[in-house]
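Only one structure is covered here, and it is reproduced in the block below.
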Amino acid sequence: VIISITAPTPVFMNSAFTMSWSGTDVINYKIKSNNATSGIATTDIDLGTATSRSITPTAAGTYVYTITATNSAGVTSSNTATVVVEALPTFTSFTVNSTATSVTVAPSASLTFAGTGFSTGATLQGRNSAGTANATLPTTASATAGTTTYYAAAVKVLNGVTNYSPVRSVNVIVAAN
């Protein structure tokens, strides 16, 4: 019995990924992992003849998944796949014009937004106030007096899956002429 396993790596915690496998003349597959937070139990789970499984790891780490196959002659064989699971992206601060979280500027003044303390591979992305859609961070302030709140998050993509940190906000106060 020869088992071939396909699994994406790295993946995000709390995001499902699909692991698949194949073998020759297999009548039963089983799966287990080295840690319960991997999304699969540490004891064998009988899969019958299923050749894939959706897995949702609940913590960052490196997990080893073992697939065991049994053929019609009763011969068993095992193979493993190692999957790296990363935490969601993070960042520690969001500023405008190198200040803290609020700045007062003249109408149409230049704006520079920045984030610091990013987790590895994450970048700054403007977001809406609910954190549910991307938004553009402007390079100039409004020409009209008033306060506008801008939002941003850290964003990272792994194997085609995009995840965002919680949003942070800054206020731009445009002074009256």
Side-chain angles (χ1 to χ4, degrees), residues 1-94 101 113-135 137 150-170:
V1 178
I2 298 171
I3 304 171
S4 171
I5 303 174
T6 303
T9 191
V11 298
F12 286 114
M13 62 184 254
N14 298 322
S15 293
F17 71 91
T18 300
M19 180 178 288
S20 59
W21 49 86
S22 61
T24 305
D25 189 31
V26 176
I27 61 168
N28 190 58
Y29 289 104
K30 294 179 181 178
I31 188 172
K32 68 179 179 180
S33 76
N34 66 328
N35 190 309
T37 61
S38 70
I40 294 292
T42 58
T43 56
D44 282 332
I45 299 170
D46 192 330
L47 300 170
T49 57
T51 57
S52 67
R53 175 86 177 219
S54 179
I55 300 170
T56 305
T58 58
T62 300
Y63 300 109
V64 178
Y65 298 89
T66 303
I67 304 292
T68 301
T70 304
N71 70 11
S72 57
V75 176
T76 62
S77 180
S78 295
N79 199 356
T80 61
T82 300
V83 176
V84 175
V85 178
E86 293 190 14
L88 299 177
T90 59
F91 73 127
T92 56
S93 72
F94 177 43
T101 58
F113 294 92
T116 60
F118 289 96
S119 54
T120 302
T123 58
L124 187 68
Q125 174 63 59
R127 300 290 280 164
N128 65 3
S129 62
T132 57
N134 289 346
L137 295 172
Y150 295 98
Y151 301 87
V155 61
K156 186 171 182 178
V157 179
L158 294 175
N159 286 303
V161 176
T162 303
N163 260 308
Y164 298 90
S165 69
V167 295
R168 295 183 180 273
S169 63
V170 295

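All heavy atoms count here, side chains included; hydrogens, waters and symmetry mates do not.
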Item to check | Stepwise side-chain hydrogen bond (donor to acceptor under 3.5 Å, both in side chains) test for D25 and S72 | outcome: CA-CA 6 Å; D25 189 31; S72 57; 2.6 Å; yes
Checklist entry - Checking side-chain contact (heavy atoms from CB on, under 4.5 Å) for the pair W21/V26: CA distance, chi angles, key distance, verdict? => result CA-CA 11 Å; W21 49 86; V26 176; over 6 Å; no
Next on the checklist: Between Y65 and I55, does the side-chain contact (heavy atoms from CB on, under 4.5 Å) criterion hold? Intermediate values first, please.
Outcome noted: CA-CA 10 Å; Y65 298 89; I55 300 170; 3.7 Å; yes
Next on the checklist: Before you tell me yes or no, could you show the steps for L47 and I45 under side-chain contact (heavy atoms from CB on, under 4.5 Å), namely the whole-Å CA-CA distance, both residues' side-chain angles and the distance that decides it to 0.1 Å?
Outcome noted: CA-CA 6 Å; L47 300 170; I45 299 170; 4.3 Å; yes
Item to check | Derivation and outcome, side-chain hydrogen bond (donor to acceptor under 3.5 Å, both in side chains), residues T68 and S78 | outcome: CA-CA 4 Å; T68 301; S78 295; 2.9 Å; yes
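When every heavy atom of F118 is checked against every heavy atom of T123, the shortest pair comes out as CE2-C, 3.6 Å. The two residues S119 and P89 come nearest to each other via the heavy atoms OG-CA, 3.3 Å.
Checked against side-chain hydrogen bond (donor to acceptor under 3.5 Å, both in side chains), T49 has no partners two or more places apart in sequence or in another chain.
A donor-acceptor contact closer than 3.5 angstrom links the side chains of T132 and N128.
Using a 4.5 Å cut-off on side-chain heavy atoms (C-beta onward), Y63 and N34 make contact. Between D44 and K32 the shortest side-chain heavy-atom distance falls below 4.5 Å. Two residues are said to be in side-chain contact when any heavy atoms from C-beta on lie closer than 4.5 Å; T76 and K30 fail this criterion. At least one side-chain heavy atom of D46 sits less than 4.5 Å from a side-chain heavy atom of N28. A heavy-atom distance below 4.5 Å is not found between the side chains of F94 and V167.
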Check residues 7-18 and write down every donor-acceptor pair under 3.5 Å in which the side-chain atom is one partner and the other belongs to a residue at least two apart or another chain.
residue: T9; atom: OG1; partner: V84; partner atom: N; Å: 2.7
residue: S15; atom: OG; partner: N163; partner atom: ND2; Å: 3.3

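Between the CZ atom in F91 and the OG1 atom in T116 there is a gap of 8.5 Å [rounded to 0.5 Å].
Of the possible donor and acceptor atoms, none in the side chain of T80 sits under 3.5 Å from a partner among the backbone N and O of V64. A donor-acceptor pair under 3.5 Å is formed between the side chain of K156 and the backbone N or O of T120. Side chain of Y151 to main chain of A135: no donor-acceptor pair is present (N/O by atom type, distance under 3.5 Å, no hydrogens or angles).
Taking the six-membered ring where tryptophan is involved, the planes of F113 and Y150 are perpendicular, since the angle between them exceeds 60° and thus also 30°.
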